[in-house]
Amino acid sequence: MRVNYGAVVIGGGFYGCFIAVHLARLIAPVLVVEREDALLSRASYVNQARLHNGYHYPRSFRTAASSRQNLSAFRNIFEESVDASFEALYCVAREGSKVSRAHFERFCRTLGMPLREAPQRLQRLFDRRRIDAVYAAEEFAFDAVRLREALRSQLAAAQVEVRMRTEAREVSALPGGGIRVSFVDEEEVSADWVFNCTYSALNRLAGLCPTGAPRMKHQLTEVALVEVPDELRFVGVTIIDGPFFSTMPFPARKLHSFTHVRYTPHFTWEESARPELDPAHVLRIHAKQSNFPWMVRDARRYMPCARDIRHVDSLFEVKTLLLQTDVDDARPIALHRDASLPRVVSILGGKIDNVFDVLQFIDTELDLV
Amino acid sequence: MSRREVFLSVVVAIRDAEPWIQKRLFELAAVLKPEFDYYEVVIVDNGSRDRTVELVAEVQKVEKNIQLYVLVRARTHEIALTAGLDHAIGDFTAVMDLVTDPPDRLPELVDRARAGVEIVYALPSARVRRQGTYNRLVGIFLSLMARINEIDVPRATSSYRLLSRTVVNYILESADRHRTLSIAPALSGYRYDTIEYDLRSDVAESGTGMARQALYAVHRALDLIFSSSVRPLRLITVFSLGICAIAVLYAVYVVIVLLFKENVASGWPSLSLQVSGLFFLVCIVLAAMSEYLLQVLETTNRRPIYHVARQSHSSTMDYRQDLNVVRPQDLEGARGGR
């Protein structure tokens with residue numbers, strides 16, 4: 001046993017890094033361990049890069065409202081990483097949609113979200129037999145590479161120690177109240193607090209008590225990266241709310257992301273039903289045949305110019321959801337203190353800009369100092 | 001573009017298919033997988049009351065690209081197929097009946113279409129040769145349909161056909177597409193080709209009696225005539241106007257008799273004039289109404305003809321080929337231990 005840390009954060013994704021910076025002000029020294037070669041290289045990188053501003057959740061007012069509050073805080077801190085250079089279009093489909101035009105308009109009005117009819121040149125992109133309404137919304141994307149740089153300098157400034165290619169294996173109680181964290185490479189450290197921010201691997205850390213642990217569902221997902229025709233270059237398109245597609249700028253690669261509610265998830269399983277499936281292992285062995293041909297053929301029924309979209313690359317990642325959120329599409333953050341080791345806190349991040357709710361939880365609910 | 005790169009959608013509608021659905025779906029997938037890189041099977045469950053939906057869900061766990069739409073309640077077979085066409089995304093869409101149509105002809109259908117036609121009909125040989133009373137009647141009916149709609153229809157019809165995206169889009173534009181579905185490709189006017197096939201020999205005779213089947217055939221024939229064409233309505237107009245003319249002539253005849261003949265029974269002229277007058281009125285009203293109805297039909301209100309209750313898609317665990325060789329680290333991961 002070598003150093004005694006105030007806190008060890010397992011997982012160097014966006015949540016882990018951001019929480020570590022916050023913790024460093026309260027209970028230094030803080031250590032972040034990351035299994036991969038770079039910070040923010042897994043789920044924090046492989047997603048739509050959408051900064052939610054509420055529009056996405058017409059069936060969960062609460063998530064929508066908190067998205068809006070958090071977005072402005074996020075923009076203040078990570079201004080450099082925010083891409084606001086495109087027009088975000090939200091479309092309501094005529095058939096198969098869970099929201100109607102009237103519902104969506106009322107939802108936006110109630111929460112004070114700016115919403116206007118899209119300009120004619122953008123309306124013309126869509127087949128109006130299938131699309132009922134096209135709105136211009138206020139929404140942004142983030143650049144995951146810049147975000148990584150920003151967090152790296154914040155971590156350095158806060159004097160947080162970061163260990164790459166280090167995988168935590170087990171947590172256990174030490175006499176006197178501390179917690180021992182053992183790594184796969186047989187090294188150990190001790191800490192007063194452990195924050196488990198490993199997203200899809202949340203329940204796979206040995207030594208955790210299964211009682212009350214968040215029940216999760218995993219999805220092996222594909223984000224296609226595409227080159228779009230000129231008319232879509234500075235446009236993001238989202239059709240809500242049902243089995244539809246979405247495409248928007250992916251600043252980290254100077255491309256567009258392209259996703260489809262039906263074809264982006266390749267394989268879904270509940271953790272409790274298939275405990276033998278380790279998400280990281282599934283990601284490794286899954287034959288990564290792209291579903292892009294399916295996505296784009298469905299998309300061009302709604303937006304004819306989709307036929308000129310060119311597939312460049314696909315990113316695969318395991319997306320993890322809390323089981324309860326299947327119904328209303330909400331994305332609350334799961335915060336769980338282990339039943340036997342109450343100073344081990346598991347945090348399942350939802351959307352990237354909802355991180356501020358966690359900080360509040362840490363400040364008010366945990367007696368850190 | 002080679003055939004492998006063609007995206008094929010296969011649309012099937014099923015109801016109470018518990019005994020055979022899994023076998024037929026695996027068979028279909030076994031045909032599609034080696035021949036096409038991109039395909040989907042769109043299944044519309046038309047209000048099954050047995051375990052069909054659960055059985056399809058089981059197949060979805062092991063076979064890719066199978067999509068299921070469950071209609072809230074049973075509608076006609078044509079409406080269910082229309083729902084499937086609405087959701088198909090392929091460059092070409094094949095419609096087939098899993099019970100009677102052999103899936104191994106699908107690649108041939110696609111090849112024919114790629115040779116430059118928009119529609120390929122697969123026709124059962126027995127129907128093409130018009131063997132049996134039923135097939136002969138169908139043949140006569142088809143020529144009649146071709147005449148009144150002034151279209152080019154194949155010698156027979158069947159449930160098995162391939163449509164290009166253009167034709168599917170054409171069909172989906174009309175609000176009453178479910179009624180005309182069987183001749184809709186012909187109504188579109190696009191070029192077609194045909195192949196012949198034998199209905200599957202292992203088809204069990206369906207339980208419904210001859211009389212019921214005949215009634216259903218008549219019902220569908222009438223539906224087809226009245227939905228594909230407004231000519232019957234025009235016929236009513238002409239007919240009504242004819243009756244009007246006869247009523248007028250009859251009235252003139254009654255007046256002439258009254259004027260020039262003696263010993264006319266009292267009451268006959270007034271009664272006869274009443275009758276002819278009433279007939280005239282009724283028929284004039286009928287004629288006017290059928291003309292207006294004709295116009296109304298041309299601007300029919302569009303209302304949804306079905307409603308999808310829920311839909312689901314394949315969720316398959318897709319292993320790499322080399323996984324048959326078990327490596328120690330794989331075993332470790334699968335056990336979930338560290």
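Below, read A as the first sequence line, B as the second, and so on, with proteins coming before strands; counting in each chain starts at 1. Computed over heavy atoms, backbone and side chain alike; hydrogens, waters and symmetry mates excluded.
Here the closest heavy-atom approach between residue A/His286 and residue B/Thr316 is recorded as CE1-O, 4.3 Å.
With a 6.0 Å radius and a threshold of 12 heavy atoms from other residues, nucleotides or ligands, B/Arg49 has its CZ atom at or below the threshold. Atom CZ of A/Arg128 has more than 12 heavy atoms from other residues, nucleotides or ligands within 6.0 Å.
Atom-to-atom distance recorded for A/Phe267:CZ and B/Ser314:OG is 12.0 Å, nearest 0.5 angstrom. Summarising the geometry, atom CZ belonging to A/Arg262 is positioned 7.0 Å from atom CD1 belonging to B/Ile89; distances are rounded to the nearest 0.5 Å.
Contact of A/Pro243 with chain B is made through the side chain alone, with heavy-atom distances under 4.5 Å. Contacts between B/Lys61 and chain A at a heavy-atom distance below 4.5 Å are absent for every atom of the residue. Looking at A/Glu170, there are no atoms closer than 4.5 Å to chain B (heavy atoms on both sides), in backbone or side chain.
Listed for the A/Trp294 side chain is no donor-acceptor partner under 3.5 Å among the backbone atoms of B/Glu40.
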**Request:** With side-chain contact (heavy atoms from CB on, under 4.5 Å) as the test, would you mind laying out the steps for B/Arg165 and A/Arg297 before giving the verdict?
**Result:** CA-CA 11 Å; B/Arg165 174 98 319 238; A/Arg297 277 176 179 79; over 6 Å; no
**Request:** Take B/Tyr38 and A/Asn291 through the side-chain contact (heavy atoms from CB on, under 4.5 Å) test and state the conclusion after the steps.
**Result:** CA-CA 9 Å; B/Tyr38 315 122; A/Asn291 274 350; over 6 Å; no
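Inter-residue side-chain proximity for A/His266 and B/Lys64 is flagged as unmet; no heavy-atom pair is nearer than 4.5 Å. Taking the side chain as every heavy atom from C-beta outward, A/Tyr263 and B/Asn65 never approach each other to under 4.5 Å.
With B/Leu172 as the fixed residue, the side chain to side chain contact (heavy atoms under 4.5 Å, CB included) test singles out one of A/Arg301, A/Arg130, A/Arg129: A/Arg130.
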